[in-house]
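Inspection log for the structure reproduced underneath, given as structure tokens.
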Amino acid sequence: MMKEIRVQFETLEPYKEIDALRADNKAIGAVVNFIGLMRDFNEGDTVSRMTLEHYPGMTERALEKIVDEACGRWDLMGVRVIHRVGDLDPLDPIVLVAVASAHRGEAFKACEFIIDYLKTRAPFWKKERMADGERWVDARHTDDEAEARWQS
Amino acid sequence: MMKEIRVQFETLEPYKEIDALRADNKAIGAVVNFIGLMRDFNEGDTVSRMTLEHYPGMTERALEKIVDEACGRWDLMGVRVIHRVGDLDPLDPIVLVAVASAHRGEAFKACEFIIDYLKTRAPFWKKERMADGERWVDARHTDDEAEARWQS
Amino acid sequence: MIKVLYFARLREELKTESEELELDESTADIIALKLKLSARGDLWNEIFGGDETVMAALNQEVAQSDEKLKEGDEVAFFPPVTGG
Amino acid sequence: MIKVLYFARLREELKTESEELELDESTADIIALKLKLSARGDLWNEIFGGDETVMAALNQEVAQSDEKLKEGDEVAFFPPVTGG
């Protein structure tokens, strides 16, 4: 199992990561990936910029734990979780979760599981800048519900 | 809703398609995509090449129907389904299903729905070449089960 | 006339890609057409008269066996699909 | 000594990124520590003594309020996470 977890200030390049995940492994039949992108609109306001803060050390531990849990639940050939921090502009990728497996069912489940848990358990915080100031983004109730689905 | 459905003999370039799907739309917050790849191994045998046959006309209609059904069920901003036909080598992408939406839940569901239905309803047939001959691939029972999940 | 197409394993085994048939009693619906084809014997009988799963499409939509045929229809027979 | 970290909205509002505190009765566990912090009044009280949801981590793992603290521990307080 190829596993790569990274938190970075540099621009996230999803395609480079997916290529690295596949790494010319001819046994991989399915790659499912989620790309989270910065939107220019949230909660009714136009957002011009975003800053992502995180808790260095804890973030990596939290992501490791989530990925290990996914690897225990499903038969995977590779997982990559790359998360941006720092300043982001609209259209910038915020996060990539890419999962490779022999068949698609496991890749789909693992990919959604990882992003659902990341959203509620990994210590990242978004701050949005609008024309008239800035604000910290509130946690979404739907994210808790998404996570809860996996606890059965 | 940006919709693109294509069956092609040319090499499938997933990243080009995902870029086209996003099309600099700053309202897109989530892109989920499934890339189905040719494996060099199936049912215990090493596979050196694959030929994909389809039913021109019916294929496009079937894919349109599946995508329209997904668009009716979920709130999506873009869908792209590109499927290869002709001769493929290991590592070649066979199919891309890419879905864009404001939030991730809908993109995940729609992406998996489309590939599950494609697997059982779109008229494509795979023929594998091994060292000692060739064979048509048999339909997988798990694909029927995957499709059945959505009928409730 | 109706047009009949064969795909994948069926096309190869029957060595037939497509053919045109008169529209009459023996081609009134898909089940009648299958009987007519299996009556050709040998592989035709094995494929259309046996246990093999053969899917049918009528005018490029998946069809049930009892669907009636009319002048100009396109019928296709093929094994379960395996794309994606 | 224990180390206490503040993140995001908390760090900004409290104008504190981190501090070191003596390990004693008032920092015996996370709930005691929160009481001590809220006793500072003003924003500290609003955040640690009020209805605001404040998450706590102990040595970089999510922690419950009754977890005991020991010498050298790293405690962090932060709002619900919003990454991804």
Side-chain angles (χ1 to χ4, degrees), chain A residues 7 12 34-39 42-43 50-66 81-86 88 93-97 111-128 134-144 146-147, chain D residues 1-21 27 29-30 33-34 37 42-84:
Chain A
V7 176
L12 201 172
F34 167 75
I35 307 170
L37 300 158
M38 174 165 170
R39 301 164 65 215
N42 193 26
E43 311 263 326
M50 179 184 278
T51 306
L52 258 152
E53 177 174 335
H54 79 128
Y55 180 178
M58 179 171 171
T59 316
E60 291 79 359
R61 290 168 73 130
L63 295 178
E64 282 279 350
K65 228 171 141 176
I66 295 166
V81 179
I82 320 291
H83 205 295
R84 270 295 306 278
V85 286
L88 282 88
I94 301 169
V95 60
L96 169 79
V97 178
C111 185
E112 199 171 7
F113 173 89
I114 291 169
I115 185 65
D116 282 352
Y117 269 73
L118 183 154
K119 286 261 181 185
T120 55
R121 304 210 172 177
F124 293 102
W125 300 276
K126 286 174 182 160
K127 189 190 208 172
E128 295 174 335
E134 44 182 43
R135 69 176 171 210
W136 289 96
V137 174
D138 281 326
R140 285 160 54 95
H141 180 58
T142 52
D143 285 330
D144 294 325
E147 194 217 86
Chain D
M1 304 286 275
I2 57 164
K3 195 171 181 185
V4 186
L5 308 176
Y6 306 92
F7 287 98
R9 191 204 303 265
L10 269 61
R11 176 181 51 72
E12 274 193 359
E13 291 182 353
L14 301 171
K15 295 183 177 50
T16 311
E17 204 174 297
S18 75
E19 59 181 316
E20 302 231 314
L21 297 175
T27 56
D29 56 23
I30 289 174
L33 175 57
K34 279 176 147 177
L37 296 174
D42 297 333
L43 271 168
W44 292 89
N45 184 42
E46 263 176 49
I47 288 170
F48 291 102
D51 298 331
E52 240 181 87
T53 307
V54 175
M55 323 252 306
L58 174 56
N59 298 325
Q60 310 189 344
E61 303 258 8
V62 171
Q64 303 308 313
S65 291
D66 58 352
E67 284 195 63
K68 297 269 169 276
L69 303 181
K70 57 179 195 317
E71 195 58 32
D73 273 352
E74 176 178 302
V75 178
F77 293 111
F78 45 79
V81 305
T82 56

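So that the names make sense, note that chain A is the first sequence line, chain B the second, and so on, each numbered from 1.
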Salt bridge or not for Arg11(D) and Glu53(A), using N-O below 4.0 Å? yes
Which answer fits Arg140(A), side chain, backbone, both or neither, if we ask what part of it has an atom under 4.5 Å from a heavy atom of chain D? neither
Top contributor to chain A contacts, counting heavy-atom pairs under 4.5 Å, from Glu74(D), Met55(D), Glu61(D), Glu12(D): Glu12(D)
Given a strict heavy-atom distance threshold of 4.5 Å, which part of Lys119(A) is in contact with chain D: side chain, backbone, both, or neither? both
Is there a side chain to side chain contact (heavy atoms under 4.5 Å, CB included) between Ile94(A) and Phe124(A)? Walk through the geometry before answering. CA-CA 11 Å; Ile94(A) 301 169; Phe124(A) 293 102; over 6 Å; no
Is Asp138(A) in contact with chain D via its backbone, its side chain, both, or neither, using a 4.5 Å heavy-atom distance? both
Would you give the length of the straight line joining atom CD of Glu46(D) to atom CD of Glu52(D), rounded to the nearest 0.5 angstrom? 7.5 Å
Bottom line for Ala62(A): the part with an atom under 4.5 Å from chain D's heavy atoms is neither
Residues Arg135(A), Glu43(A): salt bridge by 4.0 Å N-O rule: no
Sorted by number, residues from residues 65-73 of chain D in contact with chain A (heavy atoms, under 4.5 Å): none
Look at the aromatic rings of Phe7(D) and Phe78(D) and report parallel, tilted or perpendicular, splitting at 30° and 60°. perpendicular
Neighbour count above 12 (heavy atom, 6.0 Å) for Glu17(D) CD: no
Rounding to 0.5 Å, atoms CZ (Phe48(D)) and CG (Leu43(D)) come to a distance of 10.5 Å
